[in-house]
Amino acid sequence: MINKIVRTMAEAMAGIKDGSTVLIGGFGAVGQPDALIEGLIEQGAKDLVCVANNAGTGRTGLARLMELGRVRKIICSFPRSAGSVVFEELYRAGRIELEIVPQGTLAERMRAAGAGIPAFYTPTGVGTLLAQGKEVREIDGRLYVLERALKGDVALIEAWEGDRWGNLTYRESGRNFNPVMAMAAELTIAQVMHLRELGEINPDHVVTPGIFVDRVIRVDRGPEWA
Amino acid sequence: MINKIVRTMAEAMAGIKDGSTVLIGGFGAVGQPDALIEGLIEQGAKDLVCVANNAGTGRTGLARLMELGRVRKIICSFPRSAGSVVFEELYRAGRIELEIVPQGTLAERMRAAGAGIPAFYTPTGVGTLLAQGKEVREIDGRLYVLERALKGDVALIEAWEGDRWGNLTYRESGRNFNPVMAMAAELTIAQVMHLRELGEINPDHVVTPGIFVDRVIRVDRGPEWA
Amino acid sequence: MKPFSRAEMAARVARDIPEGWYVNLGIGIPTMVADHVPAEREVILHSENGILGMGPAPPPGKVDPWLVNAGKQPVTLRPGGSFFHHADSFAMIRGGHLDLCVLGAFEVAENGDIANWATSENDTAPAVGGAMDLAAGAKRLWVVMEHTTKDGRPKLVEKCSYPLTALGAVSRVYTNLGVFDVVKGRGFVVVDMAPGVTFEALQERSGAKLHLPG
Amino acid sequence: MKPFSRAEMAARVARDIPEGWYVNLGIGIPTMVADHVPAEREVILHSENGILGMGPAPPPGKVDPWLVNAGKQPVTLRPGGSFFHHADSFAMIRGGHLDLCVLGAFEVAENGDIANWATSENDTAPAVGGAMDLAAGAKRLWVVMEHTTKDGRPKLVEKCSYPLTALGAVSRVYTNLGVFDVVKGRGFVVVDMAPGVTFEALQERSGAKLHLPG
C-alpha cells in the first residue's frame, strides 16, 4: 500500500543533504510551510541554496536558517522587504549570495524544470540589468531573454488537504508558488492542514496530483487558519 | 455588467474570419465542442488552419468542415485513426496540408502561446523526422529541439460549467486540451453543459479563469453526458 | 496651482478604466485606484499571487488569513473570482491577457521606458517582485507617480538614469500635475492638467519635451 | 518451443512493476499489463489525456462517457485518482515523473533506439500521438512486442530501419520469445526465455547480437 503520510518531522526531513537546493513555498505568511522550515532548521542540512519569493522576515523561519549560516545563496524576487533584517545584515557582510529573478520568471523557471523544459524565451527583463550575461534573441520582431529551468533537490510546501497518495488541494491565495515548486523538486514534502481518506478529495478538484509529492505531514497551524 | 454568455450560435460565431487558426478541444468525443464545430460549419469561415489532437472521424464535425473544403491545413498529433476517411481522401489528393506534432509538444506549444513564451526547448522528437529543419541545442549534455508557440485566432472548447465572467470547470477526462486552448487563442468560445450564477462555482475549483474566455454558450449534449 | 492629491490621482486613473477590463494594480497609489471604480462598473482585479476578482479590504474582524494581495494586505474576493498558482498567474501577465497594469515609477522616459525597481546599478539587492513581468506583459502599462522627486528633480525624462524595468512599455502617465500620453516617435503629450497648472509650468518641471495634443 | 502468449507477455511485464510506480501503458499489449497487476499491489496508471489512477474498464451499463483512456476506450478511476489538462499531463511525462512507460514497437535497436510510429520516411501522415513524448520523457521505457514481424523479419536490430521515435530510450524489451535488457555499450542481454527457447534459436531470430548476462 502506498502511504506518503509521515507522522514525525524527522521522517519528513529524512535524507535532506548539505548543499541541497530547497524550494520554499508561500507568499508572505500565506501558504508558507512554517513547520517544515522549522523541521529543516532542526534537521541540520547546511550550505543550502534556498529559492523563495522573499528572503525571510524577522528572526524565525527562513531568516533563522540564514542567521544560523546554513544558507549559501538565496534565489528570490523580493529580498528586501519590511523585516528582512537578517538577510540585509548577511548581504552587507558578504556572507550570502543573492540571485534576483523577476517573480514570473522565477515561477516559470520552476514550472519548466517540472515539465522537462530545460530553457525558454521570455520578454520579461529584456534590456534590464537582470538580463545581463543572458542570451537575447529576436523572435518575430520582439526581443526575448533565454531563461533556464530551476530545479530543486527538495521542495517544502504547504497545502490545505492531502491524502496518502500525495494528492493536494490549496486554500485561496495559499496556492501561490506551492503547486509549481511541488513539480520542480526531486523530493517534495507537503505540510497539510487536513488529512483525507483516499478518494475523499474530488478528482476534479485535486490541484497537485500525488505524482509530484513524496511526503505528507499534518500540521495544524491553529484555529485562525482553519 | 460583464456578460460573456451568448444565447445564439450566430452570436457565438460572430467575427470568425477566413484564414483563421482555429484550436478545437477534445480528445476523441470527450470534451469535444460538437455544437461549436457545427456552428462554424454554418458560419462559413474558410481557408482555416485547424489545430486538434485528431483529424476528424466519420463525415460530421471537423471531418465535415474538411470535406466542405474549408480547412487549408491541419495541425495534429494523430491524423490517421479509425474513421478518419475524409482526412485520408483529402490528404491523398493533396488537398489538405498536414503538420504532425507530438501530442505533448502540441499541448506545450499552445500553453506557451497563452503564457507569452515564444519558444522553448524540449527533448521530445530529438533525432526524429519531426525535428527536421528545427534548431537542436545541447543543454547540460542532452540534446533538445527548439519549438515555437502555437497561437490561435479562435479556440472552440467544451466545458462542464460556465458563468457570465467566463469561469469554467471541466468534467473528468473532458478537461484534456480545453484549458490549454482557452489560454492560447485571441477569441475563446466555450460550450458548456451548465450555466452557473456568478459565485456559484467555488473559486478554488475554477479551472479556466474567465480572463481566458470570451463567450459562453449553453449546449446540452443530452442525458448520456449529464 | 492646485496639484492633484493622491486620491485625486487614483480617481483620475479609475475614470479611464472601462467595464470588463482585467487590471493589475501595483503597490502604493495604484492600489488606491480600486476604491475609485464605481461599484456598478465591473472591473476585474488581478493579483500576482494568484487571484482574479479581488475585492476591497475586509471589515475589521472579518479578515481571512488565506486571502492577501500582492502587497500582503488582507483583501476579499468578489463573486466570480478565482484562485490559481503563480505560474498560471504570470502566464496571464506575460501572455498579454491583462488589459492594463498600473504601476508607480521612479522615472518614465519619452520613449516609454520605465525605471521603478532599483535606484542604482550598485544596488544589487533591490526588490523586483513582479514589476518586470507586469511591465513587459500587460497590454497597457500606465504609471501613476508624483511629477517630481521630493527634491524637485523631474521624473518625466528623456532617458532614464535608474536601472530599467522594461523598454518602451508605458503608454500613459498620471502625475499630481497632469496626465500624459506616451506617443511613439513623439514623446509626452499632455492630455490633462491639474487645476491652475499651465503648460509652461509643467514643462519647467519635466525633463523631456512636452507636446500639446493634435 | 512454446512462445509466450500476448497475455503471458503482459503478465511478465506486470510481474516486474513494483508497488508505487507511476506507469503509462501504451495501446495494444501494454494496455493488457494493467489486468495482470495484482489488486493489492498499488501501481498508479497515467493516461496522456489527463488521468492518474486509472482503473479497469467499467462493467457494461456502467460506462461513464467522460472517462476514456488514451485509446479512447471507457475506463474507471480508482479512489485517489485525479484529472488534469494536457499540458500538465505531458509535464508529468516530459518532466521525468513517470517511473515507467510501456510501449509497442516496430523495431528496437541495440543502442536503445525505438521506432514505433511510422513505417517509412514517405509515410507523411502517420500518427505519432504521445509516443515521442513518452519515449523521451519517462524514467524508463520498456517495449513489449512480437519477436519478429509476421513475415519473420527480426524486430531486435542493430539499427532501426523505420523512422525513429526516440534515441537510446529503451531499457528493456519483452517479446513472445524472451526478455532482454538493453545495456549501454553492450546491447541486448537475455534476461529470460520462453519455455523451450534456446539462446541459439533466439539469436537466429534477432537482427543484432544477443548477450548472456554477466
**OP:** Mind listing the closest non-hydrogen atom pair of A/Gly127 and C/Leu164 along with its distance?
**Re:** O-CD1, 3.9 Å
Original post:
Side chain, backbone, both or neither: which part of C/Ile51 has a non-hydrogen atom closer than 4.5 Å to chain A?
Top reply: side chain
**OP:** Kindly give the heavy-atom pair with the smallest separation between C/Met132 and A/Pro102, and that separation in Å.
**Re:** SD-CG, 4.0 Å
Subject >> Other residues, nucleotides, ligands: >12 heavy atoms within 6.0 Å of A/Lys73 NZ >> reply: yes
Original post:
More than 12 heavy atoms of other residues, nucleotides or ligands under 6.0 Å from NZ of A/Lys46: is that the case?
Top reply: no
**OP:** Compare every heavy atom of C/Trp66 with every heavy atom of A/Trp225, then report the nearest pair and how far apart it is.
**Re:** O-NE1, 2.7 Å
Subject >> Step-by-step side chain to side chain contact (heavy atoms under 4.5 Å, CB included) determination, A/Glu108 to C/Phe90 >> reply: CA-CA 8 Å; A/Glu108 189 67 14; C/Phe90 280 85; over 6 Å; no
Original post:
Got a sec: does the CZ of A/Arg95 have more than 12 other heavy atoms crowding it under 6.0 Å?
Top reply: no
Subject >> More than 12 heavy atoms from other groups under 6.0 Å of NZ on C/Lys139 >> reply: yes
Original post:
Closest heavy-atom contact between C/Ala136 and A/Arg142?
Top reply: O-NH2, 2.9 Å
**OP:** Evaluate the side-chain proximity of A/Asn54 to C/Lys72: yes if any heavy-atom separation is below 4.5 Å, no if none is.
**Re:** yes
**OP:** Run through C/Asp64, C/Leu77, C/Val68 and flag the one making a side-chain contact (heavy atoms from CB on, under 4.5 Å) with A/Glu172.
**Re:** C/Asp64
**OP:** Would you mind reporting whether A/Val207 and C/Phe84 have side-chain heavy atoms less than 4.5 Å apart?
**Re:** no
Original post:
Top residue by heavy-atom pair count (under 4.5 Å) with chain C, among A/Pro123, A/Ser77, A/Ala131?
Top reply: A/Ser77
**OP:** Under 4.5 Å, counting heavy-atom pairs only, tell me which of A/Thr124, A/Val126, A/Asn53 racks up the most with chain C.
**Re:** A/Thr124
Original post:
For chain A, which of C/Ser47, C/Ala135, C/Pro65, C/Pro163 has the most heavy-atom pairs under 4.5 Å?
Top reply: C/Pro65
Subject >> Region of A/Arg171 in contact with chain C, defined by heavy-atom distances below 4.5 Å >> reply: both
Subject >> chain A contacts, top residue of C/Gly81, C/Ala70, C/Gly130, C/Gly129 (heavy-atom pairs, under 4.5 Å) >> reply: C/Gly129
Original post:
Could you give all pairs that pass the ring-ring contact (aromatic ring centres under 6.0 Å, His included) test and reach residues 99-158 of chain A, with sequence neighbours left out?
Top reply: none
Original post:
Rounded to the nearest 0.5 Å, what separation is found between the OG1 atom of A/Thr128 and the CG atom of C/Asp113?
Top reply: 11.5 Å
**OP:** Compare every heavy atom of A/Thr105 with every heavy atom of C/Arg94, then report the nearest pair and how far apart it is.
**Re:** NH2-N, 4.3 Å
Subject >> Euclidean distance, A/Ser173 OG relative to C/Glu48 CD, rounded to 0.5 Å >> reply: 12.0 Å
Original post:
Tell me, side chain or backbone of A/Tyr170 under 4.5 Å from chain C's heavy atoms, or both, or neither?
Top reply: neither
Subject >> Nearest atoms (heavy-atom pairs only) where C/Asn49 meets A/Phe27 >> reply: CB-CD2, 3.6 Å
Subject >> Side chain, backbone, both or neither of A/Val101 within contact of chain C (heavy atoms, under 4.5 Å) >> reply: backbone
Original post:
Does anything in residues 174-191 of chain A get under 4.5 Å of chain C by heavy atoms, and if so which residues?
Top reply: A/Gly174, A/Arg175, A/Asn176, A/Phe177, A/Pro179, A/Val180
Subject >> Toward chain C, the part of A/Glu158 with a non-hydrogen atom under 4.5 Å >> reply: side chain
